[in-house]
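Report on the following structure.
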Amino acid sequence: MHVGVAWFLGVSAVLFGIGLFGVFTRRSPIILLLSVEIMLNASNLALISVARYWGEQSGQVFALVVMAVAASEVVVGLGLVVAMARRRADLDVDSLTGLRN
């Protein structure tokens, strides 16, 4: 059985939707970071599947760049979460203004 590019794009759309739902509904910064990571991985899946379909390498190279951006986003995000956790115990996203002062 041959799996076409439409299946991969469908899975990518479902993953992106799950990540988007997590970003809009959750208040925890850790869950927000995980949801953004799911969205970035969904975009990587779409890039690689389309690049494979067209027989080019540019989508795969761009997916590597997205992975590097995702890794740096996790480092900065987790650093902010640790800094906020050291200052106070409340990590509600709506009230994260403590690092401004």
Side-chain angles (χ1 to χ4, degrees):
M1 181 175 145
H2 178 69
V3 179
V5 71
W7 288 97
F8 291 110
L9 291 177
V11 170
S12 174
V14 168
L15 283 174
F16 195 86
I18 290 170
L20 196 63
F21 178 75
V23 167
F24 285 146
T25 59
R26 301 296 179 198
R27 299 284 182 228
S28 171
I30 299 290
I31 302 297
L32 286 176
L33 287 173
L34 288 174
S35 297
V36 170
E37 287 296 319
I38 289 173
M39 292 168 63
L40 288 171
N41 285 330
S43 66
N44 279 342
L45 179 62
L47 284 169
I48 291 174
S49 62
V50 170
R52 174 77 182 203
Y53 178 74
W54 288 104
E56 295 180 1
Q57 300 295 324
S58 61
Q60 295 172 0
V61 172
F62 192 66
L64 287 174
V65 172
V66 171
M67 282 186 216
V69 168
S72 64
E73 175 255 337
V74 166
V75 169
V76 170
L78 286 178
L80 287 173
V81 168
V82 168
M84 288 304 296
R86 286 184 180 172
R87 275 189 105 162
R88 61 188 175 132
D90 185 25
L91 287 178
D92 188 17
V93 175
D94 293 332
S95 64
L96 285 180
T97 60
L99 289 178
R100 287 187 200 174
N101 301 335

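Residue numbers run from 1 in the order of the sequence given. When reading the values below, keep in mind they use all heavy atoms of this one structure, side chains included, and skip hydrogens, waters and symmetry mates.
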Should [X] and [Y] be counted in the same cluster of Ile, Leu, Val, Met, Phe, Trp and Tyr side chains packed under 4.5 Å apart?
X   : Y   : answer
L32 : V36 : yes
M67 : V75 : no
Y53 : L9  : yes
I30 : V74 : yes
I48 : F62 : no

Do [X] and [Y] come within less than 4.5 Å of each other through their side chains, counting heavy atoms only?
X   : Y   : answer
N41 : L15 : no
E56 : V50 : no
L80 : P29 : no
M39 : I18 : no

Original post:
Within the distance-only criterion (no hydrogens, no angle test), does the side chain of T25 pair as donor or acceptor with the backbone N or O of F21 below 3.5 angstrom?
Top reply: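 Confirmed, T25 side chain pairs with F21 backbone.
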Original post:
Within the side chain of S12, is there an N or O that forms a donor-acceptor pair under 3.5 Å with the backbone of A42?
Top reply: yes
Looking at every heavy atom in both [X] and [Y], which two are closest together, and how far apart are they?
X   : Y   : result
V5  : S49 : CG2-O, 3.6 Å
F8  : L45 : O-CD2, 3.8 Å
G19 : S35 : O-CB, 3.4 Å
A70 : E37 : O-OE2, 3.2 Å

Subject >> Derivation and outcome, side chain to side chain contact (heavy atoms under 4.5 Å, CB included), residues L78 and L33 >> reply: CA-CA 8 Å; L78 286 178; L33 287 173; 4.0 Å; yes
